[in-house]
Amino acid sequence: MQNTPDSPIERPAHSNGFAAGRVLIGGLVGLMLAACLNASSLLAEAKRLPDSASRSASLAVWTPLEAASSAVKLTWPRELGERLLGRTQHDPPITLVRERTEVTNETNSGHSELIVESVQKEPGSDPSSLPPPNSASEQAWDENNPLNIWVLGDSMVQFFGETFVSMAQQSSIVDATSEPRLSSGLSRPDYFDWPARIAQVMDEYDPDVVVLMFGGNDAQNIRDSDNQWLERFRAPWVEEYRRRVGFVMDIATDDEQRIVLWVGQPPMRGEGFDTRMQLLNELYQIEADARESVHYVDLRSLFTDASGGYSRYLPDAGGKLVDVRLSDGVHLSHWGGEWLSERLLSEISRLSGLGDLWQQ
Amino acid sequence: MLFPTLAFGLFFVAVYVLNWLTRPHPLVWRVTILGASLFFYAWWNWRFVFLLMWAVVSNWYAGTQIERSLRSENSQGARNWLLTAIVGDLLILGVFKYYDFFALELSNLLGANTTLPLLELTLPVGISFFTFQAMSYVIDLKRDLVKPMPFLDFAVYLSFFPQLVAGPIVRASEMAPQITQRPDPRRVQSAEAFHLILRGLFKKVVISSWLASNLVDGVFANPDGHSSHDVLLGVYGYAIQIYADFSGYTDIAIGVALLLGFRFPTNFDCPYRALSLRDFWKRWHITLSSWLRDYLYIPLGGNRGRNIETYRNLLITMILGGLWHGSTWNFVIWGLIHGVALIAERLIPRGNLHPVLRWLITFHVICFAWVFFRADSFTDALDVLTAIVASPGDDQVSSLPVLLLLAAALGTQFISKAQTEQFRQWCNQHSAITQGLMFGIGLVLIDLFGPEGVAPFIYFQF
């Protein structure tokens, strides 16, 4: 039979297949089975979502399903698999989860006045000037006792961390490590507990220099110690977030010889996102200024164009335009990573009192 | 909306139901599928739906004018409309994808005081794919290889969500009959579709993501910090990663389309078993290589002229093929390497070499070119290549399991089609429910072995 428009195509006799309805039922049964077997993982993922209607809806679906699946031990195979692979829900593997980073062209959300009300700058603090080199400079580093640098943070670190390590290790007396945790931050310790990890690194590796960069995923509602949601950038939120930033800084400076660099957020392409990052930068700077060993590194001046705003392309020292940002308008490109690394190495050289360390 | 996400799963179940319910009603079905495809595209950035619709409207209109001109034997008019459509498509590509690159290079060439305005536009996902499909339609119309499509058919063709963002580049001649002729709803190829989707997810979620985060990204970011073994494994790893990533997407796209009653052309055919570069390009991203052959290489003269002209045509085609992937010099160099290698194969007959030696040479030329494709800059690519020969770093990722994983992944290229077909037939023997259950268990295993979250497909950026 010849095919006519919109008439069924004749398939060869050997070609099997099922009616669309049966395939739908089969597929749904399969998806249902997958959901039951994976219920604990799906519930954990839903819990990590930012406070939103989507999170509430996900929890409403996955919580009873997980309870039912657990009751009949359907979640057991998955949990066994997790255990065999040496994973726990509190230790998500590092991966490129760019979807979750806030990359939007949102408009200004108008939170500025809220944060301004909540933040009282410490009297006499001058964010534009860095303190003089601290006592870490009195130490002597060599190949047997290298300057131990750790870079910790969210996806921003993923994009410049390895470049930094590569550049830092051009000096034979430096040992550098970068540890990014994508989609992480200080707002959601239920996703990744940075204070615990930082304390662990300080305890186990006792670094001489720590570089910290957070914020990209932090402009979201957070839970306080009473498990109540705090709306982002409202006064209680600001107070709690400042406490967390300060707590992390205090953990990192448990050894007062240690140099801690807190890297601020660069300008962002999305107007609303940029505003939120500027507000977070203010908090970081205030907390850093309140601690002698913590030095705030301002990236806005490093990555702004002549008009003072975001630009993907910026002139380098020779006047040549280079592509310093990724197309997402958030992360740093390879060149941007080199710029930031150079800046950080210069600060570390200065603060460690070793002069131009990377010429040795 | 990424394929390996819950959001896509829910979206697809709804589209599947609507597709088969509305299929007997041509107008409703077309509007439904067009609406679903635009919704899928808007998930990334709704503003670019207007760009996609502009490509639909402008190319469809140019197509009707080409057809009208041809019918009235006005070949000059047809040529003018074809030229207008192609210029329009290239303009879209040029503005969004290439303008900043050339403006930047020109500004730097002219000196610091001369800065051309930069647009800093977000690259619309899949722009290279849908503009190439649109161009193939108007060119084929002019060549009288396809009939003009009704507007809604053309809109469904250009925006059809399974292939919209990363191919395969389906020709109008392949899609048009499938849009107009209703597939048999009693014979949905579920076994083949589930198999393709699971295979694609495994390639993407498990292999590609694992290689990226555990081997490739670290090596390419800091080659000097790794040993030569590490860097070499990193390069091999990238060859596997990009294949797993792109062919994984294609497998899922073909599987998803199959569930909706569409059969897409093959896009990958075990490319790393190729014994020559010419063979490789018959196996790698077949729909792009055949597009470049039919719409660029042959119109340039192909191999019909003198040898020197053939070599020129090869170089132009491969360099532009490289540039299609992105607006950086590294993609140009990647294309240039392939072009030069294709010319070298013509100049130096290798027929008397042992097939294993031919395979080794071909695979390593491909890997050499991938270094430029993956590296952030020309200097970085040279750093990687230098580190393969002499790197001061220590072994960090070289281990027997990594080596075995790479060998196993490469080994899958040599699995015969008969074995794959046998597996498919075995799946076919089971009921739809059993197939669904196997699909569900497969999803859980992939989720278990894959890292948390999924990176966007590499080819989305092209």
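Just the heavy atoms: all of them, side chains too, but no hydrogens, waters or symmetry mates, feed the values below.
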Using a 4.5 angstrom heavy-atom cutoff, name the option from [options] with the most pairs to chain A.
options: B/D447, B/I433, B/V13; value: B/D447
options: B/L445, B/I441, B/V17, B/D376; value: B/D376
options: B/A191, B/A193, B/S190, B/G442; value: B/S190

Any non-hydrogen side-chain atom of [X] less than 4.5 Å from a side-chain atom of [Y]?
X: A/E162; Y: B/D217; value: no
X: A/F18; Y: B/Q435; value: yes
X: A/V23; Y: B/F194; value: yes

Open item on the list: Show, in sequence, the C-alpha distance, side-chain angles and deciding distance for B/S377 and A/W335, and conclude whether the side-chain contact (heavy atoms from CB on, under 4.5 Å) test is met.
Closed with: CA-CA 9 Å; B/S377 66; A/W335 298 114; 3.7 Å; yes
Open item on the list: Strictly below 4.0 Å, N to O, side chains only: are A/R312 and B/D100 in salt-bridge contact?
Closed with: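 Looking at B/D100 together with A/R312, the answer is no, because their closest N to O distance does not fall below 4.0 Å.
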TODO: Could you grab the distance from atom OG of A/S166 to atom CG of B/D383, nearest 0.5 Å is fine?
DONE: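 Atom-to-atom, A/S166:OG and B/D383:CG are 7.5 Å apart.
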Open item on the list: With rounding to the nearest 0.5 angstrom, report the CG to CD distance, A/L321 to B/E105.
Closed with: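 It comes to 10.0 Å.
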Just give me the residue among [options] that pairs up with chain B most often, heavy atom to heavy atom, under 4.5 Å.
options: A/N38, A/T163, A/D323, A/L31; answer: A/N38
options: A/G161, A/S311, A/P315; answer: A/S311
options: A/L85, A/L42, A/V322, A/I25; answer: A/L85

Please look at [X] and chain A and tell me whether the side chain, the backbone, both or neither of the residue comes under 4.5 angstrom of a heavy atom of that chain.
X: B/H25; answer: neither
X: B/L259; answer: side chain
X: B/N214; answer: neither

TODO: May I ask you to decide if A/A20's main-chain N or O and B/Y16's side chain share a donor-acceptor pair within less than 3.5 Å?
DONE: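 Checked: pair present.
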- [ ] Sort A/L24 into side chain, backbone, both or neither according to what part of it lies under 4.5 angstrom from a heavy atom of chain B.
- [x] both
Might you point out which heavy atoms bring [X] and [Y] nearest each other, and give the distance in Å?
X: A/A34; Y: B/G440; value: CB-O, 3.5 Å
X: A/Q169; Y: B/N222; value: NE2-ND2, 4.5 Å
X: B/V444; Y: A/R78; value: O-NH1, 4.1 Å

